[in-house]
Structures are given as C-alpha cells and as structure tokens.
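Take a look at the structure set out below.
Residue numbers start from 1 in every chain, and the chains themselves are labelled A, B, ... in the order their sequence lines are given, proteins ahead of strands. These numbers come from a predicted model, not from an experiment.
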Amino acid sequence: MKHSALLAVGLCGLALFWGCSRPPSETVKIGAIFSVTGPASFLGAPEEKTARMLVDQINAQGGINGRKIEFIAKDSGGNPEKAVSFAKQLIEEDKVLAIIGPSTSGETMAIKDLCEQNQMILVSCAAAEVIVNPVARYVFKTPQKDSQAATWIYRTMKDQGITKVAVVTGNDGFGAAGKKQLEDLAKVEGIEILANEVYDKAATDLTDILTKIKGTPGVQAVVNWSIVPAQSIVAKNMRQLGMTVPLFQSHGFGNLKYVEQAGVAAEGILFPLGHLMVCEQLPDTHPQKKVLTAYRQAYESRYQEDVSAFGGYAHDALMIVLEGLRRAGEPDRSKVREAIEHLSNYAGVTGVFNFSPTDHTGLTLDAFLMLVVKDGKFTIYQP
Amino acid sequence: MENGSMALQYLLSGITKGSIYAVVAIGFNLIYSATGVLNFAQGEFVMLGGMVAIMLAQLGLPLVVAVGAAVIVVSAVGCLLEITFFRKLRHHSILHMIIITIGLSIVIQEIALHIWDEKVRSLPYFTGNEVSSLKFFGAAISPQVLWVLGAIAVSVVLLHIFLRYTLQGRAMRACASNPEAAMLAGINIPNMRTLSFGLSAALGGLAGCVISPITMTHYEMGAPLAIKGFAAAILGGLGNPMGGVIGGLTVGILEAFAVSRLPAAFNDVAAFVVLLLVLFVRPHGLLGRPGGEAVREH
C-alpha cells in the first residue's frame, strides 16, 4: 500500500517534470517591456497590443521553424527603474531569447548596458539616437531617428521659402531630444531659430508662449516637438490668437486622436511620419504596401481602434527578432543577433530595414514622408 | 502686436490658466474649512467630472444633461469616499488623513485608467469650436474661458449664499469653527463632513466639465492640477473660497507675465517664488486670517 502510494507520487512527479520540461524545448520565449500604463501609455499600449496580436497570429500558423512563441510582457509604466528590474527578471529568470521595447528612450538607456553585458538582444521601440550611437552589439532600435524627422521639417520649410522659425518643445525626454536636433540641424539646413521655448508637459494652456512668439518679428512658422496632449493645445491656441503662420509638428503627432482633439484647428498642420497612417494612399508598387495594409487591417479589426505609428515600432521589433530567428534556424542568441545585423531590404511597418555592424537603426530618410492634416485626416503632402 | 494688446493678451492667458487653478482651489478650501483635511484627491474629482461627462455625451445625451449627471455622479463619489474612509478614520491625525487622500488619488487614477483608457479625450466647446475666439483691443480669448469664469462666479455666489444663509450651511460653518460646540448644539458633525466632501466633489466635477474643452481630459490630469490648485489655495488663504479664486488667478497671471520676460521653462519658478514671498509677509495667505483654527472660519 505504502509502496504504491509512493509510486503514484513518483509518477505524478515524473509527469509534472515532463510537463514542465518539455515545452521550453519547443517554444521560444520573447520578452517585452512596454509602458502600457503611465505617462507614455499612448506608446506602450498599442505596442503591447500589436506584439500580442502578432504572436497569436504566428503561433496560429505554427510558429517559427516549428517552434511556438511564448510572449512575456511587462508593464514598466514608463519608469526606468522598473524597466531595469524587469530586464533583469527577463534575463535571469525567464531567460528569454530577446527583449523588445522599452517604449521610451529613458528606459532604453537605463537597460542598454545591462543587455549588452548579458548578451541579451534588445530591439528598442524608442527613438533617441544615443540608443544606437555608439553601437552596442546586442542593441537595435526600430523607430526612425529624430534627426531624420527634423531634416524633413526643415527641408519642407525651405521648399516653402521659410527660413525664420519659432521652436516650442515639451519638457520631457522626447521634447528635449527634438529640441537638440532642431537646434543642431538649423545651422546645417540654413534655418534661423528666432524664439525657442520649453513648456511643461502637463501644460493646460499655451497662449502665453504663443503670444510671445506672435510678438517676435519675422517668425514665418512654428515648430512644436512633443508627444503630450499639448500638441493639440498649441494648434488650438494658435488659431484662437489669430496666428496665420504654418504649424509644423514632430512625428509625435502621428495619432489621429490629437487631430480629433484639435478639431478644425488641426487643418493644415504639417509633420513627418512613417507610411502606415496613409498606406491606402501609397502606390501598389511601394515595398511596404503589403505589410502596412496587412498590419493595419489586422490591428483595427481585432482592437476596434485606430492604428498608430507607435504600434508599428513594436511590430518591427518583434518581426525583426523572429526573422533573425528564422534565418539563424535555432534560438541561439549570438546567431540570431548575427542574422539581425545582416538583415537587408527587410520591409517593415516603419520602413525598409538595412542593418549593418555600424548601423543598428537601418533606416534612411525614406522611412518618413511629409503629411498634412486635411479634412481631419492625414494626407500625403504634395508641395 | 503693440505692447498694449500684448500685455492684455498675457493677462487673458493668465486668466485662462488661473481660472482652472481657481476652481480646484475652491474645492480644497471647502473641505479644509469643514474638516481640516487637505484633500489631494481634489484633482481626481476634476478628472472624474470630465470623464463621466464625456462618456455620457458620447452616448448621445445633450451636453447639459451630461454635465449635470457628471456633477451628481462625482458628488456621490465624494460622499462615498468620506463615508467609507474618513468617517472610519476620524480618530487618526489630520496628517494621516492627508496621506490617505494622496493614496486615494492614486487609486482613483488607476480605476479611471481601467474604466476608460489612457487616451486623451474632451467635451466639445460649449460655444463655437476649437478656433473661435472673442477679440477685444487686439487680444483674443476662447469663449470657453468665459464659461469657466462664469461657472466659478456662479459657484462662489451659490456657495456664499449656502454657507451664510441656509441652516445647513451655517451648521457646516459651525462645525468648522468649533466642532465640540457644534456637537453640543445638536449638529451631526459626520454628516456635515460628508456634505463638504460632496459639495467639493460636485464643484470639482463641474470644473472638470467646463475646462475639458480647453485642457482636454485624461486619467492623469488630476495630480498636476491638485498641486497648482493647492498653491493657489495657500496663496489666497486656506479655508476661504474667495481666496481660492484670487489665489488661482494670481498664480495664472504671474505665470503668463513671467513668460513675457523669462524663458517659458521658468514660469513655475516665478509663480512659486512669488508664493513664497507672499507667505513670508502674510503666512496666512492673501485673504486668510492669522491664527490657527480661526483660519477655517469663513
């Protein structure tokens, strides 16, 4: 009696052991750190949804090389300290193949060295140049560079004969990085910044700053660089003050919600953005057309909400890791890293990626195009 | 723009910001005067008011009904908070209660995040739209600001009438100035405290609706508003609703004029330096009365 009980326990244990140990050999763990809640939730929420949707799609099709994907998502709330502890957890406990995210540049920089030291592949969804410059062997990023967005803005201005501008930025990481790029590139592109103001990211009204700009003689256009709701407030306040100079925004404006919030005041706003939001306006020969329309349809039908450029960063981060895995053939981190570094002409949502040992962003100016708000919709800008 | 109309434009911009701080400050003062608690969840009432009204407006209710219902809902939330938390914790120190309000503010934010989502939304402009503005002497102001100022004016007047001339209002003031004596006179002090929370939440909810077209509403908007509103309440004199209005407008106008001379990044600094200076000279604020408990009397 005693023996049989022991045997039963033993068998159960054995079964459990098998149950636990078998799946990892068949699944590949991909970790993700997104700020699903908190101040950067507008980035993290669509990113997490996108990655989850893609993992479900790929698993339904049988996974990569016969291996299913196990997706482990962590919500950092936009907090760099949390990002660090989640990264440690993913590296040491979950032993994932790669980490996608974090959503913000601050968080990414907090874990960049950690991932590099632990030879953990990190494909960030944040934009700051410092993430890939200097290049860390294991660290990549999918969004376009801020400098490319600033270049687009300035070149469009020059086409319109604008040389004297006012720059307003939010006092968060995104705004500060943009401010620096706009200042640095102004000299290169021959643009003169006449007024340069920073506002609080929780600002509720910006008429005072705009009054100052309106009173600055010679200003031909206003550039606003932020990701906060203030993007809509700037547009509304400018029109309320009767300012007629054009308003340029950064790629942070790539969310129809902000257009909705600014209402008619959004008409005519110019800003650089990836191709996703206007994919139906692209010619069929465009290399990204297929992946863009597929992603947009899948996302909008599953979540019943508008797709945003931010989700696209996570789309590319995940797909790049999985493409690396497919090419490497086995979930071996150094082989997958090697494969990612040699990806070329890989059409993603954000752009066509061409990574190299010296370029871990892999995108050129073509990843952006200039958009204009027309009748409450994003339209490709035709000069 | 000439100097005159520029100055006027800064003034109007300051009034726009200040009116928002002022509505929050009034709510602070109301609860403070009745209970001695500084309610740092006041900003959340503003957020909730906006959120509920937007939700109802999207369901197709007329704006007036949506706003009215939002005010009632938020007011009920305020009462409920008092009954569930503060009534039970009456024997704790005021400091404990203040810390509880901070905790509640975080909890309310998280709940709002789960009910609604992280997206920014807003009510339509009550009159006109995003670009309409009233022009005078070369300066412009959104008609919505007049709605905010109007809402403040009506609230302050009604509040004044309520506190001065109605039995309930007088009972509330009695609790504020001397709880023991009020209890001996047969006033139900816990109920009065609940009432003060309800009123303050209603005011916050109304504020959340009228400012929504200007500032837009999202789940995290409450905390920064509470900080500015608190500064405004201190500047105006804690416990005095009129003081909140004066304090709010002063902070807003200071910020706006600071922008004209300093980089905009410094405007909080300018506002808080003036706040500190005022408190050095008049520790009880602009309209407050010197001396502990008496401050809480209207």
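Between H114(B) and Y219(B), a ring centre-to-centre spacing not shorter than 6.0 Å is recorded.
The residue among D200(A), T37(A), L206(A) with the most heavy atom pairs within less than 4.5 Å of chain B is T37(A). The greatest number of non-hydrogen atom pairs below 4.5 Å with chain A, out of E255(B), K228(B), H218(B), E220(B), is found for E220(B). Counting heavy-atom pairs under 4.5 Å between each of R239(A), K236(A), E305(A), E260(A) and chain B puts K236(A) at the top. By number of non-hydrogen pairs under 4.5 angstrom with chain B, the leading residue of V36(A), I233(A), T204(A) is T204(A). The greatest number of non-hydrogen atom pairs below 4.5 Å with chain B, out of S232(A), A266(A), S41(A), is found for S41(A).
Of all residues in residues 105-113 of chain B, those placing a non-hydrogen atom less than 4.5 angstrom from a non-hydrogen atom of chain A are L113(B). Against chain A, the residues from residues 13-24 of chain B that qualify, each with a non-hydrogen atom under 4.5 angstrom away, are S13(B), T16(B), K17(B), I20(B) in number order.
Between the K82(A) side chain and the E107(A) main chain, no donor and acceptor come within less than 3.5 Å of each other. Side chain of Q144(B) to main chain of V210(B): a donor-acceptor pair is present (N/O by atom type, distance under 3.5 Å, no hydrogens or angles). In this structure a side-chain-to-backbone donor-acceptor pair under 3.5 Å is missing from E48(A) to A73(A). Not a single donor-acceptor pair under 3.5 Å links the side chain of Q240(A) to the backbone N or O of S142(B). A donor-acceptor pair is defined here as one N or O able to donate and one able to accept, closer than 3.5 Å; such a pair exists between the side chain of E267(A) and the backbone of G376(A). Checked by atom type and distance alone, the side chain of Q261(A) never pairs as donor or acceptor with a backbone atom of M216(B) at under 3.5 Å.
Proximity to chain A (any heavy atom under 4.5 Å) is shown, for F266(B), by neither the backbone nor the side chain. Heavy atoms of N171(A) lying under 4.5 Å from chain B are absent altogether. For chain A, the nearby part of P224(B) is the side chain; its heavy atoms alone come within less than 4.5 Å. Proximity to chain B is limited to the side chain of A202(A), based on heavy atoms less than 4.5 angstrom apart. Contact annotation for I227(B): neither backbone nor side-chain heavy atoms come within less than 4.5 Å of a heavy atom of chain A. Proximity to chain A (any heavy atom under 4.5 Å) is restricted, for P213(B), to the backbone atoms N, CA, C and O. Only the side chain of K257(A) comes within contact range of chain B, judged by heavy atoms closer than 4.5 Å.
Aromatic ring orientation, F378(A) versus F271(A): perpendicular (interplanar angle above 60°, classes split at 30° and 60°). Between F28(B) and F230(B), the angle of the ring planes lies from 30° to 60°, which puts this pair in the tilted group. Note: F126(B) and W147(B) have perpendicular aromatic rings, judged against thresholds of 30 and 60 degrees for the angle between ring planes.
Residue T207(A) holds its OG1 atom at 11.0 Å from CE of M243(A), rounded to the nearest 0.5 Å. How far CE of M238(A) is from CD1 of I213(A): 8.0 Å, rounded to the nearest 0.5 Å.
With V222(A) as reference, V245(A) is the one residue of V165(A), V245(A), V167(A) to meet the side-chain contact (heavy atoms from CB on, under 4.5 Å) rule. Across S124(A), S35(A), P80(A), a single residue satisfies side-chain contact (heavy atoms from CB on, under 4.5 Å) together with T104(A), and that is S35(A). Partner of L247(A) under the side-chain contact (heavy atoms from CB on, under 4.5 Å) criterion, chosen from V223(A), L270(A), N224(A), V168(A): N224(A).
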